[in-house]
Amino acid sequence: MENSVENLENQFFFGQFKSVCTIAESEKCRVELIFYEPRQTVCVLKTYFNRDLSDVYCKLKQIRHENLVAVYDVLFFDEKTYVIEENIDGATLAERLCMQGTFSEKEVISITEKVCEAMKQLHNQTPPLIHRDIKPSNVMIQEDGTIKLIDFETVRTYRENNTKDTVLLGTEEYASPEHYG
């Protein structure tokens, strides 16, 4: 009986969207644009291979904040984590830096404040969620100027008595010394 319920859940999940195109693919992850029926809009489907990220993404699914990309649905099935997220119409900070050069002091302060608001929202969860990979390519600027923190695959749940992280994740140039020191 449990297996048939799981099969129905899987059929329901995969029946809610139609793939539009693949926008990126690596050995770890595939990113697709999809038309997501429940929201009647284009969203992003991320498929993480051989990784169960469902616990963290289920927590992220409960959070709605203007500076965090919205997570709409999550499924772990057949050794893959499937995540449906809001599609952000904009460019990353890294892309904007390449296109227009440096930001003004006022822009840097505004962007930093918004990223801090996103991190504050993550840290205010019980237990706190730690992003662990804040960098220009993980911050998007929408056309209307809204800042969105993206890319949650390295997020971890904070554990109070855990004195060190056993897995090196994130980007070396942006990681804290305790991750790469």
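As the structure is a computational prediction, the values presented were derived from the model and not from experiment.
- Under the 4.5 Å side-chain heavy-atom criterion for grouping Ile, Leu, Val, Met, Phe, Trp and Tyr, V74 is not connected to F77 through any hydrophobic cluster.
- In this structure, I109 CD1 and K114 NZ are separated by 12.5 Å, a value rounded to the nearest 0.5 Å.
- Taken to the nearest 0.5 Å, the NZ atom of K120 stands 8.5 Å off from the NE2 atom of H65.
- Contact check on R51 versus E153 returns a salt bridge, with a Lys/Arg side-chain nitrogen under 4.0 Å from an Asp/Glu carboxylate oxygen.
- For F12, there are no ring-ring contact (aromatic ring centres under 6.0 Å, His included) partners at least two apart in sequence or on another chain.
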*Go through the steps to decide whether K59 and T157 satisfy the test side-chain contact (heavy atoms from CB on, under 4.5 Å), and finish with yes or no.*
CA-CA 9 Å; K59 291 173 185 167; T157 301; 3.1 Å; yes

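- Salt-bridge annotation for K148 and E86: present, with a side-chain N of the basic residue lying under 4.0 Å from a carboxylate O of the acidic one.
- For the pair H123/I130, a side-chain contact is recorded, criterion being any heavy-atom separation below 4.5 Å from C-beta on.
- By the side chain to side chain contact (heavy atoms under 4.5 Å, CB included) test, E25 pairs with T22, R30, F49, sequence neighbours left out.
- In plain terms, the two heavy atoms of S137 and A94 that are nearest each other are N-CB, 3.9 Å.
- You'll find the side chain of D73 stays beyond 4.5 Å of the side chain of F17, heavy atoms only.
- Here the straight-line distance linking atom NZ of K61 with atom CD of E85 works out to 13.0 Å at 0.5 Å rounding.
- Between V56 and R156 the shortest side-chain heavy-atom distance does not fall below 4.5 Å.
- Residues Q125 and Y158 form no side-chain contact, since every pair of their non-hydrogen atoms from C-beta on lies 4.5 Å or further apart.
- Separation of atoms OG1 (T112) and CD1 (I134) is listed at 11.0 Å; rounding is to 0.5 Å.
- Partners of E107 according to the side-chain hydrogen bond (donor to acceptor under 3.5 Å, both in side chains) rule, which considers only residues two or more places apart in sequence or in another chain, are S104.
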*asked:* Does V83 form a side-chain contact (heavy atoms from CB on, under 4.5 Å) with F76? I'd like the steps, not just the answer.
replied: CA-CA 9 Å; V83 180; F76 180 71; over 6 Å; no

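- A continuous path of hydrophobic side-chain contacts links L93 to I150 [ILVMFWY only; heavy atoms under 4.5 Å].
- Side chains of Y82 and Y57: a donor-acceptor N/O pair is absent below 3.5 angstrom, by distance only.
- In terms of hydrophobic clustering, with Ile, Leu, Val, Met, Phe, Trp and Tyr side chains grouped at heavy-atom distances under 4.5 Å, L68 and M140 are assigned to a common cluster.
- Distance CD1/I84 to CG/L75: 9.0 Å, rounded to 0.5 Å.
- Residues L33 and V71 are members of separate hydrophobic clusters, defined by side-chain heavy-atom contacts under 4.5 angstrom among Ile, Leu, Val, Met, Phe, Trp and Tyr.
- Both V20 and V31 are part of a single hydrophobic cluster, where members link through side-chain heavy atoms under 4.5 Å apart.
- Side-chain contact between L60 and L122 is present, with at least one heavy-atom pair separated by less than 4.5 Å.
- Residues T47 and T81 have side chains not in contact (no heavy-atom distance under 4.5 Å, counting atoms from C-beta outward).
- Side-chain atoms of D78 do not come within 3.5 Å of backbone N or O of K80 as any donor-acceptor pair.
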Which pairs would a plain distance check flag for residues 38-45, meaning a side-chain donor or acceptor within less than 3.5 Å of a matching protein atom at least two apart in sequence or in another chain?
from : atom 1 : to  : atom 2 : distance (Å)
R39  : NE     : Y72 : OH     : 3.4
Q40  : NE2    : E37 : O      : 3.0
Q40  : NE2    : E37 : OE1    : 3.1

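- Applying the salt bridge (charged side-chain N to carboxylate O under 4.0 Å, His left out) criterion to D151, with sequence neighbours excluded, gives no partner residue.
- Members clustered with L8: none, using a 4.5 Å side-chain heavy-atom cutoff among hydrophobic residues.
- Residue-environment remark: CD (E105) stays at or below the threshold of 12 foreign heavy atoms within 6.0 Å.
- Using modelled atom types, no side-chain atom of N138 and backbone atom of L149 make a donor-acceptor pair closer than 3.5 Å.
- Using a 4.5 Å heavy-atom cutoff, the side chains of I88 and V69 are in contact.
- Looking only at side-chain heavy atoms (C-beta outward), F152 and L53 stay at 4.5 Å or farther from each other.
- Put simply, the side chain of Q100 never gets that close to the backbone of L97: no donor and acceptor are under 3.5 Å apart.
- Atom SG of C116 sits about 13.5 Å away from atom CD of Q121, to the nearest 0.5 Å.
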